[in-house]
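Below is one structure; the comments refer to it alone.
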Amino acid sequence: MSLEAIEKVTQVESEARERLAAAEAEAKQILADAEKEGQALLQRTRAAGAEAGRELLRQAEDRAAAAAEATAQAAKADAAKLRASAEKRLGAAAEFIVGRVVSN
């Protein structure tokens, strides 16, 4: 084999090693970038999930407060009805009690 052929083979091998090293470096960089982007996406997803959870909790608290207010209003209305009914019967109850006390 001639000297030129040996030099050409050596040069081609050297270029191949350089390309391989460059490809490996690029692959490592792509992997590092992908991992970085994946971590950033994970953080954004977690933050969005936490925000969605807080919003759902706020909505549930609002519904619970509205339900509690409705229950309280219904209880006040029932109490007012009972009070009015009791007031209507107060005179009759007093007469009944006085009649029982006087007759005994």
Side-chain angles (χ1 to χ4, degrees):
M1 194 180 267
S2 71
L3 185 60
E4 284 181 27
I6 293 173
E7 288 176 355
K8 183 72 173 170
V9 169
T10 305
Q11 181 184 1
V12 169
E13 287 176 347
S14 177
E15 289 173 0
R17 280 192 296 273
E18 288 173 5
R19 286 189 203 140
L20 180 61
E24 287 175 349
E26 184 178 359
K28 286 180 182 178
Q29 185 61 46
I30 289 170
L31 182 61
D33 291 345
E35 187 172 332
K36 185 178 177 181
E37 289 175 17
Q39 289 294 329
L41 177 61
L42 180 61
Q43 288 296 86
R44 288 192 304 270
T45 302
R46 284 180 178 163
E51 180 60 33
R54 283 190 292 275
E55 178 61 21
L56 288 173
L57 180 59
R58 186 195 60 75
Q59 290 174 3
E61 288 172 343
D62 289 348
R63 286 192 304 271
E69 180 63 26
T71 301
Q73 292 298 326
K76 285 180 184 178
D78 288 345
K81 287 179 187 176
L82 289 172
R83 188 176 302 115
S85 177
E87 287 174 358
K88 287 179 184 176
R89 296 183 186 151
L90 186 61
E95 286 179 24
F96 176 76
I97 292 171
V98 169
R100 295 279 269 173
V101 169
V102 171
S103 69
N104 283 337

With sequence neighbours left out, what residues match [X] under side chain to side chain contact (heavy atoms under 4.5 Å, CB included)?
X     : result
Leu42 : Gln39, Arg46
Thr10 : Ile6
Gln29 : Asp33
Leu41 : Arg44, Thr45

Applying side-chain hydrogen bond (donor to acceptor under 3.5 Å, both in side chains), can you list everything that pairs with [X], at least two apart in sequence or on another chain?
X     : value
Arg54 : Glu51
Glu13 : none
Gln43 : none
Asp62 : Arg58

So side-chain hydrogen bond (donor to acceptor under 3.5 Å, both in side chains) across residues 78-98, not counting sequence neighbours, yields none

Residue pairs passing the side-chain hydrogen bond (donor to acceptor under 3.5 Å, both in side chains) test with at least one member in residues 63-74, sequence neighbours excluded, are Glu69-Gln73

Those residues at least two apart in sequence (or on a different chain) that pass salt bridge (Lys or Arg N to Asp or Glu O under 4.0 Å) with Glu15 are Arg19

Exercise. Does atom CD of Glu35 have more than 12 heavy-atom neighbours from other groups under 6.0 Å away?
Worked result: no

